[in-house]
Amino acid sequence: MKVKKAVIPAAGLGTRFLPATKVVPKELLPIVDKPSIQYIMEEVASAGIEEVILITGREKGSIEDHFDTSIELENHLIKKGRRDLLKVVREISGMVTLVSVRQKEPLGLGHAILCAKKVVGNEPFAVLLGDDLIDAKVPCIRQMMDVYQNMDGALVAIQKVPRAETHLYGIIKGKKVMDRVYSVDEMVEKPERGKAPSNLAIIGRYILPPRIFDILEKVKPDRRGEIQLTDGLKELNREVSIYGYEFIGDRYDAGDKFGFLQANLSFGLKHPEIGLKLKRLLKELSSSHR
Ligand code: G1P
């Protein structure tokens, strides 16, 4: 079945970026000149998905505003003859149809996805986590939709990570069944150091069947009181096959201070306006810090 809808959870409090996120949602912190969530929206739109279900929370209204039309701004840009910027702001509001659902309590990723149940209905859907920015020729979620065409069940994006970092991720263990595709036998959310069953980490892109909703309704909260998506997937794996797909592309953890800077530098180096200047600056800085 075709994937037509994407769920983007954006209800987190962004505590890792305080004080920057005291008023501004972390999803709106810029990577060069675009809020990080716009990269996710662009990935969705260029993959051909038309409807996005945004899971938001209190104080997150400005995310919806960013993807809405802004008549005053547009009129101002028309008056000033800034057709170039007008095009940029109009493209943002025309990108996708956005439906937003509030997650009323911070009860974890699994619970956030569950909030989309009514709007998604009875069809497979994509999930994209805003912290994972993926720079790829073919958008990561498009690569996954192409692989998913020949399967039912669920598909999760995976990437090999250093052993020392496995405790930060959901980790899968599986058998390779095709180029880049693993059939998942085991999954564990953030295993203790030294206890991960492999170094294949789940990255924030999923294609899930609607059955996951009924399962998530029954998943017990973990010791931090959160309902984990990975626990739901473990249950789902008893009924249908789950596959891991090793995507092609560069991934940045924009939810982490260092990853956020890395993303800014990498996207900055490719930016037509500042790329060369930034390259020169980095050279200068690295020689002056030797
Ligand atoms: C979430 C998932 C985890 C996954 C990670 C990828 O964790 O629960 O399985 O590996 O995203 O970024 P979070 O980083 O939101 O705690």
Side-chain angles (χ1 to χ4, degrees), residues 6-17 21 25-27 29 31 36-37 39-40 43 54-57 103 106-116 126-136 140-141 144 154-174 182 184 186-193 195-208 212 215-216 219-237 242-247 249-260 262-263:
V7 176
I8 304 181
L13 293 176
T15 38
R16 281 197 280 176
F17 276 99
T21 48
K26 74 167 174 183
E27 293 80 4
L29 297 181
I31 307 289
S36 60
I37 196 165
Y39 291 84
I40 307 286
E43 180 178 336
L54 192 69
I55 312 300
T56 64
Q103 183 186 22
L107 295 179
L109 178 59
H111 178 261
I113 305 296
L114 190 50
C115 294
V127 173
L128 294 93
L129 305 188
D131 282 348
D132 289 312
L133 286 189
I134 299 174
D135 189 13
C140 178
I141 201 68
M144 292 174 71
L155 186 64
V156 301
I158 52 170
Q159 187 178 46
K160 292 191 179 102
V161 297
R163 280 272 172 188
E165 291 173 15
T166 48
H167 65 288
L168 300 172
Y169 297 91
I171 301 289
I172 68 144
K173 189 176 169 218
Y182 292 73
V184 175
E186 256 183 68
M187 303 180 115
V188 42
E189 179 66 12
K190 309 211 172 86
E192 276 175 43
R193 281 171 200 270
K195 295 213 173 137
S198 83
N199 68 337
L200 292 173
I202 301 175
I203 302 301
R205 301 287 183 276
Y206 309 77
I207 296 180
L208 304 175
I212 191 72
I215 292 176
L216 285 171
V219 167
K220 298 245 162 14
D222 64 6
R223 49 194 157 79
R224 285 160 59 211
E226 294 190 352
I227 294 169
Q228 293 301 342
L229 177 59
T230 307
D231 291 339
L233 290 173
K234 261 160 66 175
E235 274 307 303
L236 183 72
N237 207 15
I242 299 187
Y243 294 94
Y245 169 68
E246 230 180 327
F247 61 91
D250 297 322
R251 173 245 173 192
Y252 303 94
D253 180 4
D256 164 83
K257 288 189 185 87
F258 185 74
F260 179 78
Q262 246 181 330

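Every number for a ligand or one of its atoms is a count from 1 in the order of the listing. The structure displayed is predicted, hence computed values, not measured ones.
Each of the following atoms of ligand 1 lies closer than 4.0 Å to a heavy atom of Gly170: 3 (C), 4 (C), 9 (O), 10 (O). The Thr230 neighbourhood of ligand 1 comprises atoms 9 (O), with distances under 4.0 Å to a heavy atom of that residue.
The option from Ile203, Ile171, Ile202, Asp253 that lies nearest to atom 10 (O) of ligand 1, judged by heavy atoms, is Ile202.
Asp231 and Lys220 are not joined by a salt bridge, as no carboxylate oxygen comes within less than 4.0 angstrom of a charged side-chain nitrogen.
Proximity of atom 16 (O) of ligand 1 to the protein is indicated by at least one non-hydrogen atom lying closer than 4.0 angstrom.
Nearest protein heavy-atom neighbour of atom 12 (O) of ligand 1: Asp132 OD2, 2.8 Å. Among protein heavy atoms, atom 7 (O) of ligand 1 sits closest to Lys190 NZ, 3.4 Å. Counting only heavy atoms of the protein, atom 9 (O) of ligand 1 lies nearest to Glu189 OE1, 2.7 Å.
What you find for Thr21 and Leu13 is that their closest heavy atoms are OG1-O, 4.2 Å. The minimum heavy-atom distance between Ile171 and Ser198, with the atom names listed, is CG2-O, 3.4 Å.
Note: Arg251 CZ to Asp131 CG = 8.5 Å, rounded to the nearest 0.5 Å.
With Arg205 contributing its side chain and Asp132 its backbone, the two residues share a donor-acceptor pair below 3.5 Å. Asp222 places no side-chain N or O within donor-acceptor distance of the main-chain N or O of Gln228, the cut-off being under 3.5 Å.
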Would Leu229 and Tyr206 count as a side-chain contact (heavy atoms from CB on, under 4.5 Å) if you check the C-alpha gap in whole Å, the side-chain angles of each, and the deciding distance to 0.1 Å? CA-CA 10 Å; Leu229 177 59; Tyr206 309 77; 3.6 Å; yes
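Of all the heavy atoms of Leu129, the ones lying under 4.0 Å from any atom of ligand 1 belong exclusively to the side chain.
Between Tyr169 and ligand 1, no pair of N/O atoms sits closer than 3.5 Å.
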